[in-house]
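One structure is given below, encoded as structure tokens.
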Amino acid sequence: MSGGLKVQTQSTEECKRILETALLVAPGPLAVTQLRQLFEEDPGSDLVRRLLLELVDDWQGRGVELIQTAGGWRFQTRLEYQVYLDRLKQERPPRYSRAVMETLAIIAYRQPVTRGDIEDIRGVVVSTNVLKTLEARGWVDVVGYRDTPGRPGLYATTRKFLEDLGLRSLTELPPLTEIERIMDLVELPKTEEPAVSGE
Amino acid sequence: MSGGLKVQTQSTEECKRILETALLVAPGPLAVTQLRQLFEEDPGSDLVRRLLLELVDDWQGRGVELIQTAGGWRFQTRLEYQVYLDRLKQERPPRYSRAVMETLAIIAYRQPVTRGDIEDIRGVVVSTNVLKTLEARGWVDVVGYRDTPGRPGLYATTRKFLEDLGLRSLTELPPLTEIERIMDLVELPKTEEPAVSGE
Amino acid sequence: MSAELASPADPLECVVGRMYGQPIFDLPKDLYIPPDALEVFLEAFEGPLDLLLYLIRKTNVNVLDIPMVPLTAQYLEYVEAMRHHNLELAADYLLMAATLLEIKSRMLLPRPPKAADDEELDPRAELVRRLLEYEQVKLAAARLDQLPRVERDFEWVSVFVAEKVVERLPEVSLHDLQLAWLKIARQARLKRHHTIRREEMSVREHMTMILRKLKGDVFVVFETLFDPALGVAGLVVSFLATLELVKERLVVVTQNEAFAPIYVRRAEGADAID
């Protein structure tokens with residue numbers, strides 16, 4: 001119970017350090033009236049306010065800033081630092097389902113295509129959600145309608161798609177020939193071996 | 001998705017700000033390996049360590065200090081400021097009875113121990129509440145079972161125990177040596193005295 | 001054997017008092033304890049070992065050479081007092097009383113001459129070992145309690161993290177796209193429904209570009225679909241893309257008469273006019 005020095009004998013610098021410390025550990029915002037309770041002798045709201053404004057200045061250019069919210073004063077991180085802090089979160093990045101990825105691949109390589117085209121190629125019905133997911137992401141949109149019964153929308157990839165994948169144009173997509181070569185390699189045993197064994 | 005500037009273009013001053021910000025917001029201690037993950041490009045442990053030591057210096061004379069605990073680096077308030085911070089608290093932190101502290105000491109210094117071991121040393125029955133109190137605080141837990149009848153649980157201290165007491169490892173516990181010396185003296189009469197008294 | 005045990009001692013002299021900063025209980029010089037204080041007095045002890053340790057330390061006797069007779073007598077007086085006041089007496093206290101009596105009686109017995117050489121120990125040895133081990137723990141507990149502890153002596157810093165609520169979107173790489181196509185192609189091969197045409201990617205890209213230029217229900221002059229900045233190759237690709245669009249009936253090209261301006265319009269616009 002050493003009970004701290006009296007306000008009179010505390011320099012304002014020391015008062016500021018105490019305010020700063022309390023604000024750094026507080027679980028929520030602290031009102032000026034609460035901050036005044038830190039001291040054995042009430043320094044008054046004017047001094048506390050003055051010191052808070054000094055602290056705001058002191059913390060300029062740092063990753064954390066002192067701000068005034070509805071509930072009082074609190075330190076919080078600047079939004080620019082979110083990108084770094086996010087890296088500490090161990091959450092695994094979400095992934096798109098196979099349906100979404102295949103639909104995206106078909107639209108990217110075969111655009112403009114209708115939903116029917118996608119279904120023909122994939123051999124299964126494409127759910128509305130799949131296309132909505134890609135549209136919401138801003139990666140595909142309807143660029144026209146095919147002049148066939150039902151006038152189905154024609155999907156194509158957008159500029160945002162190129163930007164997000166770091167492409168300058170669709171020609172920078174991995175060429176299908178290469179993909180199919182890989183596929184041939186993968187499928188070699190399946191297609192070639194029976195032939196060999198059959199001769 | 002702006003993805004932060006590359007390390008090359010980041011000044012070390014900026015790196016230090018990022019480290020500081022992460023340490024100020026982290027709910028627990030951060031190890032150097034975790035801190036390296038903050039950056040898009042790994043700055044390496046040497047640079048991170050150097051900047052941490054710089055931060056320790058930067059925070060000299062403040063109400064908060066950067067310290068190294070069991071789990072890594074963490075900001076905590078200096079002891080002198082607790083008298084102020086206590087004034088904002090709604091409730092006092094728990095005070096532990098001697099039964100709790102002695103049980104904790106036995107677990108800390110003799111771990112892993114069973115409840116029976118604790119009772120042998122203290123010479124009294126250990127109430128379930130005592131162990132529950134320590135478990136609830138997250139300071140001890142059961143790390144295994146002794147292969148004796150009843151398979152009693154073996155208690156040990158946790159990392160949180162070290163962190164909450166600001167210890168980096170169990171070797172930093174206050175040493176028991178002085179009494180152990182007395183214990184050695186006790187062993188002596190056991191072996192020597194009968195011979196002497198037998199004459 | 002020292003008879004010091006019965007002599008009064010200043011409570012401040014005892015180890016217990018020193019380690020904890022102040023005496024646990026202001027013990028009267030004799031054994032008399034006011035009935036209402038007995039309970040409080042006993043609560044100050046953590047058990048028989050603690051009480052014994054207190055009795056020993058209070059009188060400054062050598063713990064390695066405990067005078068069993070006065071110690072046992074004093075201990076039993078406490079136990080008797082507890083019983084007398086109908087205090088709930090822990091079994092541990094009674095067990096210790098039995099142990100003390102046993103040690104005392106063994107010490108009174110003459111030692112068997114044969115066994116004395118090897119296995120016969122001081123009957124007090126085990127008690128001393130336990131007392132010292134307990135004292136060690138007791139001191140360790142006190143020192144542990146003095147270590148700075150979070151929430152009591154210091155606080156963790158925890159600054160609020162300001163976050164824009166951003167939905168975490170899956171990241172897609174070119175490799176992912178490649179894998180997706182690989183699966184499609186493999187599937188298609190297995191079914192042999194589709195032959196995947198190999199086509200110039202640039203043509204399909206230009207098809208999309210032209211369709212975008214044709215947004216809305218308007219005719220666009222054919223020439224404006226071509227950007228000379230693309231160079232000859234670019235113009236050829238644009239032209240091929242237009243032909244492909246016509247072939248796939250995605251656009252309508254109209255020319256009212258020879259050499260009149262050629263107009264292009266998205267095919268679906270034709271419905272509105274027809």
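Letters A, B, ... are given to chains in the order of the sequence lines, protein chains preceding strands, and every chain is numbered from 1. Bear in mind the structure is a predicted one, so any value in this text is a computation, not a measurement. All values below were derived from every heavy atom in this structure, side-chain atoms included, with hydrogens, water molecules and symmetry-related copies excluded.
Chain A forms the most heavy-atom pairs under 4.5 Å with one residue out of B/Thr77, B/Leu35, B/Val64, B/Leu85, and that residue is B/Leu85.
The minimum heavy-atom distance linking B/Leu88 with A/Ala22 is given by the pair CD1-CB, 4.3 Å.
Between A/Thr21 and B/Arg62, every side-chain heavy-atom pair lies at or beyond the 4.5 Å cut-off. Contact of the B/Arg17 side chain with the A/Tyr81 side chain is registered, since non-hydrogen atoms from C-beta on lie closer than 4.5 Å.
If you take CD on B/Glu80 and CD on A/Glu14, they are separated by 9.0 Å, rounding to the nearest 0.5 Å.
Within the 4.5 angstrom heavy-atom criterion, no atom of B/Gln76 approaches chain A. Looking at A/Glu20, only its side chain comes within 4.5 Å of chain B, counting heavy atoms on both sides. At a 4.5 Å heavy-atom cutoff, the contact between B/Leu24 and chain A is made by side-chain atoms alone. Contact of B/Ile18 with chain A is made through backbone and side chain together, with heavy-atom distances under 4.5 Å.
Other residues, nucleotides and ligands contribute more than 12 heavy atoms inside 6.0 Å of the CG atom of B/Asp57.
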